[in-house]
Amino acid sequence: MRDTASYKAWVAKAAKQPMVLETVDLGPLDAEDVEVAVEHCGLCHSDLSVFNNDWGISQYPAILGHEVVGRVTAVGPNAKGVQIGQRAGVGWFSASCMHCRQCMSGSHHLCPQVQATIVGHRGGFASHIRVHWAWAFPLPDNLNFADAGPLLCGGVTVFAPLARYARPTDRVGIIGIGGLGHMAVKFAAAYGCDVTAFTASESKFDEARGFGANHAVSTKDSAAIGKLGGSFDLLISTVNVKLDWDALIGTLAPNGRLHVVGAVLQPIPVTAFSLILQQRSVSGSPTGSPVAIETMLDFAARHNVAPQTEHFPMSKINEAFARLQSGKARYRIVLDADF
Ligand SMILES: [Zn+2]
Ligand SMILES: [Zn+2]
């Protein structure tokens, strides 16, 4: 018998306040929901943004964590596709309406009613998490479960635009080599692309090459960027800081695309002629659809793509958040449940 009244979670009571361990009562399981006992949960930059209320959308008390790997402990009577005992993952979204135009066409992540896992919903820095069955993903057996969590949010966020826009013969630039960017380099290299890593820290050049980058360029080196004019079929930007966007767009080949997945809050200025004359595009996307997540997990298992991680016991969650905030994490933090 599951004692659902004694589940535990790390709770943020207000912005920037240290999280505290509390008992939570999840109540009866909804008919369409799946319950997962959390084993590992990645710490994504979005957890920090919601923790700090950087986007003004946070709801407190908040249970953060949205890169969950665990075992299914319960399934509602109407839940489909997952079984008790199975290893499953949960990412940035935890439910969608399942009947709107977007859901019915497979783009559940664009559903007007899509539910973020950590805003107005209890996330994965907890002993258990509950999500709609469509957002609980059975994990391939040969995945490295301890390190798979970050694939569920950061991984699919960079994989989805690669799978959608890039061909293996393309030249791809990854801007920002951090949590998202280092996974993007690994995915793009495994996909077969010629990969250039753009980073502000030249100290990351060697590691970027180790992740599969063919070239590494400093985002601060205007001369080097200038020499790359007309090179890239796809640039994926993972940064949340202002860059010389004009120069970067100038590195796009005809028909090239700058795709933004990093939540930079300042506007990205684009001149019409830099798009028109070379038929270039600027676009963005949030995480990915359920099918994109399943495809990404399958690709990651087949090509051995895994994030480079630092593990903390979940009881050190406040230290882990401080480390992420310091910018020193290399490259993704994973918290291991120790309730
Ligand atoms: Zn995330
Ligand atoms: Zn919908």
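Every number for a ligand or one of its atoms is a count from 1 in the order of the listing.
Within the model, atoms NZ of Lys8 and CD1 of Ile63 stand 12.5 Å from one another, a figure rounded to the nearest 0.5 Å.
Under a 4.0 Å N-O distance rule, the pair Asp194/Arg171 qualifies as a salt bridge.
The Zn ion (ligand 2) lies at the vertex of an angle of 110° between the SG atom of Cys111 and the SG atom of Cys100 (rounded to 10°).
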Query - Pair Phe232-Phe198, ring pair (Phe, Tyr, Trp, His ring centres under 6.0 Å): steps then yes or no - result: CA-CA 12 Å; Phe232 297 104; Phe198 287 91; 5.6 Å; yes
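Remark: of the listed residues Val305, Leu151, Ile174, Leu151 is the sole one forming a side-chain contact (heavy atoms from CB on, under 4.5 Å) with Met183.
The Zn ion (ligand 2) lies at 2.8 Å or more from every N, O or S atom belonging to His99. Taking 2.8 Å as the threshold, Cys97 counts as a candidate ligand of the Zn ion (ligand 2), since one of its N, O or S atoms lies below it.
Under the 4.5 Å side-chain criterion, counting only non-hydrogen atoms from C-beta, Tyr331 is in contact with Glu207.
For the pair Arg323 and Phe312, the cation does not sit on the ring face, since its NZ or CZ is not both under 6.0 Å from the ring centre and inside 45° of the axis.
Remark: aromatic rings of His128 and Tyr7 are close, center separation under 6.0 Å.
Here 3 is the count of protein N, O or S atoms positioned under 2.8 Å from the Zn ion (ligand 1), waters not counted.
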